[in-house]
Amino acid sequence: MAYQISATKLQTYHRCPQAYYFRYELGLKAPGFFGNAALGTALHQALAKIYRDWDYLEPIPPLDWVSSCWERCSNNLSPNQAEEGQEILENYYYQFIAGETAIARPLAVEELIKGRLLVNDLEFKVSGRYDRLDFLGDGLELIDYKSTKEVKLPKPDEIDLQIGLYYIALEQRYHSCLQQLSLLYLRTGEKIVFEASSEHKQQVETVIGELAWRLRTDEQWEVKTGKQCEVCSFNRYCAAVQDQPEPLPPNAKSPLQIQLALNF
């Protein structure tokens, strides 16, 4: 029975093993954050359609093609959102498409990638989702679209873990190494590139090895205190933060019910 691991889970574990334990081992629910993500979703869908459905018989698609893709993805938006999305995609077109000699067909768009990793006799199933994957000639470029209004970069250690996890999964899937992970901010037109290497892979293997050890031994899950405690969804249960922490809710899972099964 493979243990599911993702970049989000691995980043949570790196920030605080006990927060990971509360959320993923005990199954405690974190409060949801609600917002209007409809525009961002529509932009992602339109960009996937632009690159996936273009016939590539001509080197560069016309702006009309981009507009037609947007029309098919923006039906559920308000008029203001539809207009804003059209402007964002037009800016994207002139910055990333129109100036190219020819655009290359991506290896994949909006795909779920999976891989496997055996650590300390435990099998981990690594997974992640990306917006676009391009072949650079000597490696792969993973592109992640961001529709936020401001450029907010992940912390260096967290982006390193994300790179390493994708490095493992893509290497297994395509037998080619991840060369760079690019965050493309649609509203500002900024593209932030992070170089990838086998060191990121080794870092992820080390962190997963630590996680495997905790899962196998059921040792105490370490608490890492810091600024993240202020916004942690589980700080009310944490003795390192609260003088009198609340008891765990009755619907918390028993850790004994989710111990890993070994593959023999």
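Side-chain contact between Tyr167 and Val204 is absent, with no heavy-atom pair separated by less than 4.5 Å. Between Ile192 and Tyr185 there is a side-chain heavy-atom pair separated by less than 4.5 Å. At least one side-chain heavy atom of Gln180 sits less than 4.5 Å from a side-chain heavy atom of Leu136. Contact of the Phe194 side chain with the Leu183 side chain is registered, since non-hydrogen atoms from C-beta on lie closer than 4.5 Å. Residues Leu170 and Tyr130 form a side-chain contact, since some pair of their non-hydrogen atoms from C-beta on lies under 4.5 Å apart. With a 4.5 Å cut-off on side-chain heavy atoms, Tyr93 and Ile60 count as touching. Looking at Tyr13 and Trp221, their side chains come closer than 4.5 Å, going by heavy atoms from C-beta outward. Counting only heavy atoms from C-beta outward, the side chains of Tyr20 and Leu211 approach each other to under 4.5 Å.
Placement of Val109 and Ile97 within a single hydrophobic cluster is found when ILVMFWY residues are connected by side-chain heavy-atom separations under 4.5 Å, directly or transitively. Leu10 and Phe124 fall within a single hydrophobic cluster, where Ile, Leu, Val, Met, Phe, Trp and Tyr side chains are chained together by heavy-atom contacts under 4.5 Å. Cluster annotation: Leu161 is not connected to Leu153 through the hydrophobic network of ILVMFWY side chains, with a link wherever side-chain heavy atoms come within less than 4.5 Å. Follow the hydrophobic side-chain contacts under 4.5 Å out from Val193 and you never reach Ile143; the two are in separate clusters. Neither Phe135 nor Ile103 shares a network with the other; the hydrophobic side chains, linked directly or stepwise wherever heavy atoms of I, L, V, M, F, W or Y lie under 4.5 Å apart, form separate groups for each.
Between Gly128 and Leu112, the closest heavy-atom pair is O-CD1, 3.2 Å. The minimum heavy-atom distance between Arg105 and Asp55, with the atom names listed, is NH2-O, 3.7 Å. In terms of heavy-atom proximity, Ala169 sits nearest to Gly115 at CB-N, 4.2 Å. Nearest heavy atom pair, residue Ala19 against residue Thr12, reads C-CG2, 4.3 Å. Minimum heavy-atom separation, Leu133 to Tyr174: CD2-CE1, 3.4 Å. Here the closest non-hydrogen pair linking Glu230 and Asn235 is O-ND2, 4.0 Å.
With Gln228 contributing its side chain and Lys224 its backbone, the two residues share a donor-acceptor pair below 3.5 Å. Proximity of a side-chain donor or acceptor of Trp65 to a complementary backbone N or O of Ile50 within less than 3.5 Å is detected. The backbone N or O of Trp54 lies less than 3.5 Å from no partner atom in the side chain of Lys49, so there is not a single donor-acceptor pair. Panel note: side chain His44, backbone Thr41; no donor-acceptor pair is recorded below 3.5 Å. With hydrogens and angles disregarded, no donor-acceptor distance shorter than 3.5 Å links the side chain of Glu110 to the backbone of Asp131. Not a single donor-acceptor pair under 3.5 Å links the side chain of Tyr145 to the backbone N or O of Leu43. Of the possible donor and acceptor atoms, one in the side chain of Trp70 sits under 3.5 Å from a partner among the backbone N and O of Ala82. Side-chain atoms of Ser74 never come within 3.5 Å of backbone atoms of Leu77 as a donor-acceptor pair (strictly under, hydrogens ignored).
Shown here is Phe96, whose CZ atom has more than 12 heavy atoms of other residues, nucleotides or ligands within 6.0 Å. Applying the 6.0 Å contact sphere to CD of Glu205 captures more than 12 heavy atoms from other residues, nucleotides or ligands. Counting non-hydrogen atoms of other residues, nucleotides and ligands closer than 6.0 Å to CG of Asn76 gives a total of 12 or fewer. Sparse packing is recorded around NZ of Lys114, with 12 or fewer heavy atoms of other residues, nucleotides or ligands lying under 6.0 Å away. Counting heavy-atom neighbours within 6.0 Å of Glu58 CD, excluding the residue itself, gives a total of 12 or less.
Atoms CG and CZ, from Asp157 and Arg15 in turn, are 9.0 Å apart once rounded to the nearest 0.5 Å. Atom OG in Ser197 sits 8.5 Å away from atom CG in Asp160 (nearest 0.5 Å). Here the CD1-CG distance, from Ile208 to Leu118, works out to 11.0 Å after rounding to the nearest 0.5 Å. Note that NE2 of His14 and CD of Gln203 are 7.0 Å apart. Values are rounded to the nearest 0.5 Å. To the nearest 0.5 Å, atoms SG (Cys73) and CG (Leu39) are separated by 12.0 Å. Leu140 CG to Cys177 SG: the interatomic distance, rounded to the nearest 0.5 Å, is 8.0 Å.
Remark: Glu111 does not engage Arg132 in a salt bridge, criterion side-chain N to carboxylate O under 4.0 Å. By the 4.0 Å N-to-carboxylate-O rule, Arg214 lies close enough to Glu222 to be salt-bridged with it.
Cation-pi geometry between Lys125 and Tyr3 is not met at under 6.0 angstrom from the ring centre and within 45 degrees of the axis. No cation-pi contact links Lys201 to Tyr166, judged by a cut-off of 6.0 Å to the six-membered ring centre and 45° from its axis.
Between Gln86 and the choices Glu90, Glu84, Glu83, the side-chain hydrogen bond (donor to acceptor under 3.5 Å, both in side chains) rule is met once, by Glu90.
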Verdict with reasoning, Arg187 to Glu150, per salt bridge (charged side-chain N to carboxylate O under 4.0 Å, His left out): CA-CA 8 Å; Arg187 293 176 184 269; Glu150 297 180 358; over 6 Å; no
Test log, rule salt bridge (charged side-chain N to carboxylate O under 4.0 Å, His left out), inputs Glu123 and Arg116: CA-CA 7 Å; Glu123 185 179 23; Arg116 292 184 179 273; 3.1 Å; yes
Worked verdict on Leu184 versus Leu186 for side-chain contact (heavy atoms from CB on, under 4.5 Å): CA-CA 6 Å; Leu184 204 161; Leu186 300 175; 3.8 Å; yes
Residue pair Gln179, Asp138: steps toward the side-chain contact (heavy atoms from CB on, under 4.5 Å) verdict: CA-CA 8 Å; Gln179 182 174 328; Asp138 55 353; 2.5 Å; yes
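Inspection of the Glu141 and Ser182 side chains reveals an N or O donor paired with an N or O acceptor under 3.5 Å.
Ring geometry for Phe22 against Phe234 counts as tilted: the plane angle lies between 30° and 60°, on a 0 to 90° scale.
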